[in-house]
There are 2 protein chains.
Amino acid sequence: MQLSNTSQYAIRMLAYMADKKDSPLINATELAKVLQIPYKFLTKIMTELVKADLVVSMRGREGGYSLSKKASDIKVDDILNIFHDSIQEEQCVLGIGFCNGMCKCALHDQWMEPKLLLQKMFRESSLEDIAGKGCKI
Amino acid sequence: MQLSNTSQYAIRMLAYMADKKDSPLINATELAKVLQIPYKFLTKIMTELVKADLVVSMRGREGGYSLSKKASDIKVDDILNIFHDSIQEEQCVLGIGFCNGMCKCALHDQWMEPKLLLQKMFRESSLEDIAGKGCKI
DNA sequence: ATTAATTACTACTTTAAGGTAGTATTAATC
DNA sequence: GATTAATACTACCTTAAAGTAGTAATTAAT
């Protein structure tokens with residue numbers, strides 16, 4: 001019952017970038033060092049964030065990454081969606097596939113309330129909300 | 001953000017057994033067929049449930065499995081604990097390791113409410129509560 | 001132009017979860 | 001006692017996530 005490492009890394013990376021919004025570009029070396037994320041894995045994830053248009057990259061010397069839009073306009077759920085880690089409507093606690101109108105899992109009713117809260121948390125929390133909060137690692 | 005297949009299978013297996021409490025013993029072949037769980041994987045999981053004392057097994061011809069105690073005394077969380085899938089106190093949304101007093105993750109506060117509801121759901125839902133609910137597969 | 005510092009791409013390795021196969025053990029039935 | 005039908009055990013295979021390595025492409029500074 002946890003987010004994938006990849007999603008967690010991505011959220012922390014973007015939150016750090018949101019926090020340092022003064023510096024126009026942040027490079028992978030700095031991010032990897034501060035956030036204690038394996039450098040090569042970080043760049044791999046970052047490339048996906050670039051492709052998903054959450055981040056813009058500048059190659060070459062003095063290059064780096066920056067958010068593609070205002071931190072308040074990037075929600076945690078946007079990040080989870082990239083890595084297929086968001087909570088889908090039909091997704092239930094049991095049911096390796098999904099619950100649906102025809103076939104609800106045994107914990108369907110109990111799941112409703114926590115599910116809604118989780119979705120709310122992911123959908124309403126923006127990078128601005130979480131930037132600078134908590135420790136970096 | 002989902003339970004492991006193993007935990008989901010285990011919960012469904014035990015819920016089905018709770019539902020058929022009249023029949024003293026239920027065998028793996030029936031369970032695998034009804035619940036659509038791979039037979040060999042099911043027996044592997046069941047052996048762990050036996051070792052964890054949630055299930056008693058009877059070997060040999062006419063053998064099978066039965067719950068070791070009343071369905072109302074087996075909580076979903078007991079099952080999750082066996083497969084290290086329960087939500088730990090220090091476990092947070094981010095923080096590949098764990099959040100703690102010293103180092104809270106950026107989503108720590110937002111996570112509190114859904115986390116408590118999830119823990120409540122797992123700790124308070126017994127096999128009796130979920131037996132017969134929902135469809136089997 | 002050359003160099004240095006950066007991201008992007010391709011391919012591989014490692015690890016853990018999920019799943020399978022075959023054999024040994026057990027116990028009721030015949 | 002032999003057979004049959006069940007669980008238990010050991011070892012393996014498969015798949016996907018996590019992580020690594022090396023090279024190509026790009027761009028600012030020199």
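Here is how names work: the chains are called A, B, and so on, in the same order as the sequence lines, proteins then strands, and each is numbered from 1.
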Side-chain N,O (A:Asn5) to OP1/OP2 (D:dG19) below 4.0 Å: yes
Would you kindly say whether A:Ser86 and A:Asp77 are connected by a side-chain donor-acceptor distance under 3.5 Å? yes
Roughly how many Å is it from CD1 in A:Ile45 to C1' in D:dA18, rounded to a whole number? 9 Å
Given D:dA18, C:dT20, D:dT7, the nucleotide with the shortest approach to the side chain of B:Phe41: C:dT20
May I have the distance from B:Gln8 (atom CD) to C:dA17 (atom P), rounded to whole angstrom? 15 Å
Would you mind checking if B:Glu30 and B:Lys20 are paired as a salt bridge, meaning a charged N to carboxylate O distance below 4.0 Å? yes
Quick one: label A:Ser57 by what it contacts on the DNA or RNA (base, sugar-phosphate, nothing), any heavy atom closer than 4.0 Å. sugar-phosphate
Rounded to whole Å, CD of A:Gln2 lies from P of C:dA16 at a distance of 16 Å
Counting only side-chain heavy atoms from C-beta out, which of D:dA8, C:dT7, C:dG18 sits nearest to B:Thr47? D:dA8
Per B:Pro38 side chain, nearest of listed nucleotides C:dT7, C:dG19, D:dA18: C:dG19
How close or far is atom C1' of C:dA8 from atom CE of A:Met58, stated in whole angstroms? 15 Å
Phosphate-side-chain proximity, B:Thr6 and C:dG18, N/O vs OP1/OP2 below 4.0 Å: yes
A:Glu48 CD to D:dG19 C1', straight-line distance once rounded to whole Å: 14 Å
Which nucleotide sits closest to the side chain of B:Arg61: D:dT3, D:dA28, D:dT7? D:dT3
If you pin A:Ser7 and B:Arg59 to their nearest nucleotides in DNA chain D, which one's is more 5'? B:Arg59
Send over the distance from B:Leu42 CG to D:dA8 P, rounded to a whole Å. 11 Å
Measure from CZ on B:Phe83 to C1' on C:dA17 and round the result to the nearest Å. 13 Å
Within less than 4.0 Å of OP1 or OP2 of C:dA17, is there a side-chain N or O belonging to B:Tyr9? no
How long is the line joining NZ of A:Lys40 and P of C:dT6, in whole Å? 14 Å
Would you say the side chain of B:Ile11 lies within less than 4.5 Å of the side chain of B:Phe122, judging by non-hydrogen atoms? no
Check whether any side-chain heavy atom of B:His108 lies under 4.5 Å from a side-chain heavy atom of B:Met112, and answer yes or no. yes
Taking for each residue the nucleotide of DNA chain D bearing the nearest heavy atom, is the 5' side occupied by A:Lys44 or by B:Tyr39? B:Tyr39
Does the side chain of A:Ile45 reach to within under 4.5 Å of the side chain of A:Glu48, using non-hydrogen atoms? no
